[in-house]
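Working notes, structure below.
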Amino acid sequence: QPSIRKHINAFYLCVRSADDIADSIELEPREKECILKKIDAALTGDQKTDKRLQYAIQHRKNAEETGVSIEYARHLVQAFTMDITKLRYRNWSELINYCRFSAAPVGRYLLELHGCNTDSRNSTDALCIALQILNHLQDAKVDYLSLNRVYIPEEIFKKHNAKIEDLGRNSTHKNLREVLDSVLNRVDELILIASNAPREIAHLGLRLETAIIISIAKKLTIKLKHQDPISERVELTKFQYFSCCVKGIIYGILKR
């Protein structure tokens with residue numbers, strides 16, 4: 001639906017611009033925090049018009065039009081602000097708590113925008129968090145080398161006698177492979193929870209899109225288990241993506 005798509009696009013541009021600020025290697029931490037504070041203020045209507053805030057201002061206007069809460073975008077901005085100074089995570093619970101602000105609000109925004117009830121929140125939260133962690137693994141080396149930021153919990157490194165510095169190597173050795181597999185096994189658990197989402201979402205379009213994303217998450221998890229994200233960028237091929245779309249549509253239809 002074009003009317004919904006324009007709102008999704010505005011939401012995406014808003015949070016993408018904030019994420020880019022937090023991930024910038026050119027800006028100083030204080031400058032990043034200042035800009036993100038202005039973005040948050042723009043979302044609440046307390047900031048004057050500024051070119052750098054155009055996406056936040058547009059999303060706020062769209063939120064007023066649709067009646068959908070602005071808090072989803074604000075939670076994401078809060079997570080990106082955390083990224084500026086928080087470079088390590090002690091354990092899995094700490095990482096999941098971060099993902100509840102950096103990922104889960106995306107699914108919750110889409111549910112409210114499509115007029116769905118909150119019954120599927122647990123499933124969509126799990127899916128968004130799974131996707132976030134898969135992305136962390138895809139970018140683990142780049143995040144470490146460029147920003148000194150590591151999302152993989154320290155307790156998992158210690159459990160498998162690996163070091164964070166191993167992320168900067170040319171390839172994955174045995175201990176780091178065990179670290180990655182440990183994280184991926186937990187992602188499998190999240191995807192299992194997420195698999196309930198298609199039967200819980202009433203809106204046909206969102207249900208099918210969710211089923212497709214679940215299929216993509218499953219395939220990407222398998223690829224990350226069999227390929228080395230330290231030596232190469234692990235992602236789906238065009239054919240694999242198309243295959244996931246087909247499987248997702250079938251799954252979404254049959255699960256209703």
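Quick caveat, the model's predicted, so the values are computed rather than measured.
Classification of R60 and E64 as a salt-bridged pair holds, one side-chain N sitting under 4.0 Å from a carboxylate O.
The hydrophobic clustering, which links ILVMFWY residues whose side-chain heavy atoms are closer than 4.5 Å, places Y144 and M82 together. I193 and V106 fall into different hydrophobic clusters, where Ile, Leu, Val, Met, Phe, Trp and Tyr side chains are chained together by heavy-atom contacts under 4.5 Å. Two different hydrophobic clusters hold L87 and I96 under the rule that ILVMFWY side chains link at heavy-atom gaps under 4.5 Å. The cluster map of Ile, Leu, Val, Met, Phe, Trp and Tyr, joined by side-chain heavy atoms under 4.5 Å apart, puts V187 and L236 in the same cluster. In the hydrophobic cluster analysis, where Ile, Leu, Val, Met, Phe, Trp and Tyr join through side-chain heavy atoms closer than 4.5 angstrom, I164 is grouped together with I230.
Partners of E235 by salt bridge (charged side-chain N to carboxylate O under 4.0 Å, His left out), not counting sequence neighbours, listed by chain and number: R233. Taking R16 as the reference, D19, D20 meet the salt bridge (charged side-chain N to carboxylate O under 4.0 Å, His left out) condition, with sequence neighbours excluded. K225 pairs by the side-chain hydrogen bond (donor to acceptor under 3.5 Å, both in side chains) definition with D188, not counting sequence neighbours. With sequence neighbours excluded, the residues that form a salt bridge (charged side-chain N to carboxylate O under 4.0 Å, His left out) with E65 are K6. Every side-chain hydrogen bond (donor to acceptor under 3.5 Å, both in side chains) that Q132 has, sequence neighbours left out, goes to S102, H136. Under the side-chain hydrogen bond (donor to acceptor under 3.5 Å, both in side chains) criterion, K223 pairs with Q240, sequence neighbours left out. The ring-ring contact (aromatic ring centres under 6.0 Å, His included) test applied to F11 returns H59, Y109, not counting sequence neighbours.
Scanning both residues, R177 and P229, for their nearest heavy atoms gives NH1-CD, 4.1 Å. Between C245 and I212, the shortest heavy-atom contact is O-CG1, 3.6 Å. The two residues L206 and L110 come nearest to each other via the heavy atoms CD2-O, 3.8 Å. Listed here is the closest heavy atom pair of G168 and L145: CA-CD2, 4.0 Å. Shortest non-hydrogen contact noted between H173 and D166 is NE2-OD2, 2.9 Å. Among all heavy-atom pairs drawn from L190 and A126, the shortest one is O-CB, 3.4 Å.
Residues L184 and D181 are in side-chain contact: their nearest non-hydrogen atoms beyond the backbone lie under 4.5 Å apart. I35 is not listed as a side-chain neighbour of K32, based on a closest heavy-atom distance of 4.5 Å or more. For the pair P198/R207, a side-chain contact is recorded, criterion being any heavy-atom separation below 4.5 Å from C-beta on. Using a 4.5 Å heavy-atom threshold, the side chains of V150 and F157 count as touching. Within the 4.5 Å cutoff, the side chain of L220 has heavy atoms near those of the Q138 side chain. Counting heavy atoms from C-beta on, the side chains of C14 and L43 come closer than 4.5 Å. Within the 4.5 Å cutoff, no side-chain heavy atoms of T118 are placed close to those of L111. Counting heavy atoms from C-beta on, the side chains of I4 and L113 come closer than 4.5 Å.
Hydrophobic cluster membership of L13, counting Ile, Leu, Val, Met, Phe, Trp and Tyr whose side-chain heavy atoms lie under 4.5 Å apart directly or via other members: Y12, Y55. Residue L147 shares its hydrophobic cluster (ILVMFWY side chains chained together at separations under 4.5 Å) with I25.
In this structure, the side chain of S195 engages the main chain of I191 through a donor-acceptor pair within 3.5 Å.
Within the structure, the salt bridge (charged side-chain N to carboxylate O under 4.0 Å, His left out) test picks out the following pairs touching residues 147-158 (sequence neighbours left out): D23-R149. Counting only residues at least two apart or in different chains, side chain to side chain donor-acceptor pair (under 3.5 Å) contacts with residues 74-86 comprise D40-R74, E71-R74, D83-Y98, D83-Y151, K86-E94. Under the ring pair (Phe, Tyr, Trp, His ring centres under 6.0 Å) criterion, no residue pair touches residues 228-249, with sequence neighbours excluded.
Distance check, rounded to the nearest 0.5 Å: CZ of R88 to CD1 of I152 gives 11.0 Å. Within the model, atoms NZ of K159 and OG of S182 stand 5.5 Å from one another, a figure rounded to the nearest 0.5 Å. With values rounded to the nearest 0.5 angstrom, I216 atom CD1 is found 11.0 Å from L134 atom CG. Atom SG of C99 sits about 5.5 Å away from atom CD1 of I129, to the nearest 0.5 Å. Taking OG1 of T210 as the reference point, atom NE2 of H114 lies at 8.5 Å (rounded to 0.5 Å). In this structure, CG on N170 lies 13.0 Å from CD on E232, to the nearest 0.5 angstrom.
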* **Trace of the salt bridge (charged side-chain N to carboxylate O under 4.0 Å, His left out) decision for R108 with E112** => CA-CA 6 Å; R108 295 189 174 203; E112 185 173 343; over 6 Å; no
* To do: Report the C-alpha distance between E33 and K37 in whole Å, list the side-chain angles of each, state the deciding distance to 0.1 Å, and finish with yes or no for salt bridge (charged side-chain N to carboxylate O under 4.0 Å, His left out).
  => CA-CA 6 Å; E33 290 181 353; K37 283 183 179 179; 5.5 Å; no
* Show the numbers, then the answer: is there a side chain to side chain contact (heavy atoms under 4.5 Å, CB included) between E189 and L192? => CA-CA 5 Å; E189 295 173 1; L192 183 60; 5.6 Å; no
* In sequence, state the C-alpha distance, the side-chain angles, and the governing distance for I84 and I21, and then conclude on side chain to side chain contact (heavy atoms under 4.5 Å, CB included). => CA-CA 9 Å; I84 298 171; I21 294 298; 6.0 Å; no
* Asked: Can you list the steps and then say if T172 with S231 is a side chain to side chain contact (heavy atoms under 4.5 Å, CB included)?
  -> CA-CA 7 Å; T172 300; S231 64; over 6 Å; no
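Q58 and N62 are linked by a side-chain donor-acceptor pair at a separation below 3.5 angstrom, with hydrogens and angles left out of the test. Neither side chain, D228 nor S171, offers a donor N or O lying under 3.5 Å from an acceptor on the other.
R100 CZ: 12 or fewer foreign heavy atoms inside a 6.0 Å radius.
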